[in-house]
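Take a look at the structure set out below.
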Amino acid sequence: MSLMPTPLPETQPYWDAAAQGKLAIQRCGDCAQCYFPPAPVCPHCTSRNVVWEEMSGRATLYSYVITPSPWPLWEATGPMSVATIALEEGPRLLSTVVDCEQSPATLIIDMPLTATWRKFGDGPKLLCFCPAEEAA
């Protein structure tokens with residue numbers, strides 16, 4: 001059993017953008033809300049008038065836990081964060097914070113983050129976030 005994601009027709013635009021190092025999620029054409037995960041119907045107003053849109057990649061750390069033994073697919077030897085990330089555009093999603101110490105002293109709630117992409121093994125590039133000052 002593989003833990004790597006498998007693109008589906010409904011999620012292919014997300015993976016196509018990811019392959020180019022871009023973050024794309026859906027926005028409703030009626031209520032203008034962005035949402036994630038992908039769905040054919042807006043979860044805010046139930047409209048089917050949804051489009052894929054590139055996001056800024058700017059975000060903040062909303063919440064997290066630190067796992068001392070990360071999944072093997074992360075190819076990490078030490079602790080890794082499993083984080084709820086709040087995108088600047090509104091939606092929250094699960095990811096990890098990379099390129100910094102994985103400790104409560106470093107992972108500060110509301111810290112500014114920037115989207116980045118990491119390739120793990122033979123799978124597709126996966127969305128991660130790094131401290132905003134690291135991305136500059």
Got a donor-acceptor contact below 3.5 angstrom from the Trp52 side chain to the Ile25 backbone?
-> no
Contact check, side chains of [X] and [Y], non-hydrogen atoms, under 4.5 Å:
| X | Y | result |
| --- | --- | --- |
| Pro131 | Val97 | yes |
| Lys119 | Leu126 | no |
| Tyr62 | Leu87 | no |
| Val50 | Gln26 | yes |
| Trp117 | Leu127 | yes |

Run the salt-bridge test on Arg48 and Asp30 with the 4.0 Å N-O cut-off and return the result as yes or no.
-> no
Can you list every side chain to side chain donor-acceptor pair (under 3.5 Å) pair that touches residues 79-89, not counting sequence neighbours?
-> Ser56-Glu88, Ser56-Glu89, Arg58-Glu88, Ser81-Thr96, Ser81-Gln102
Could you check Ile108 against Tyr64 for side chain to side chain contact (heavy atoms under 4.5 Å, CB included), going step by step and ending with a plain yes or no?
-> CA-CA 9 Å; Ile108 308 298; Tyr64 69 92; over 6 Å; no
Go through the steps to decide whether Gln20 and Asp16 satisfy the test side chain to side chain donor-acceptor pair (under 3.5 Å), and finish with yes or no.
-> CA-CA 7 Å; Gln20 299 175 22; Asp16 291 345; over 6 Å; no
Residues in ring pair (Phe, Tyr, Trp, His ring centres under 6.0 Å) contact with Tyr35, at least two apart in sequence or another chain | none
Excluding sequence neighbours, so at least two apart, what forms side chain to side chain contact (heavy atoms under 4.5 Å, CB included) with Pro9?
-> none
Can you list the steps and then say if Thr60 with Ile85 is a side chain to side chain contact (heavy atoms under 4.5 Å, CB included)?
-> CA-CA 6 Å; Thr60 56; Ile85 307 296; over 6 Å; no
Worked verdict on Leu61 versus Asp110 for side chain to side chain contact (heavy atoms under 4.5 Å, CB included) = CA-CA 5 Å; Leu61 181 60; Asp110 292 330; over 6 Å; no
Should the heavy atoms of other residues, nucleotides or ligands under 6.0 Å from CZ of Phe36 be counted, would the total exceed 12?
-> yes
Please answer: with hydrophobic residues joined when any side-chain heavy atoms are less than 4.5 Å apart, are Leu107 and Val82 in the same cluster?
-> no
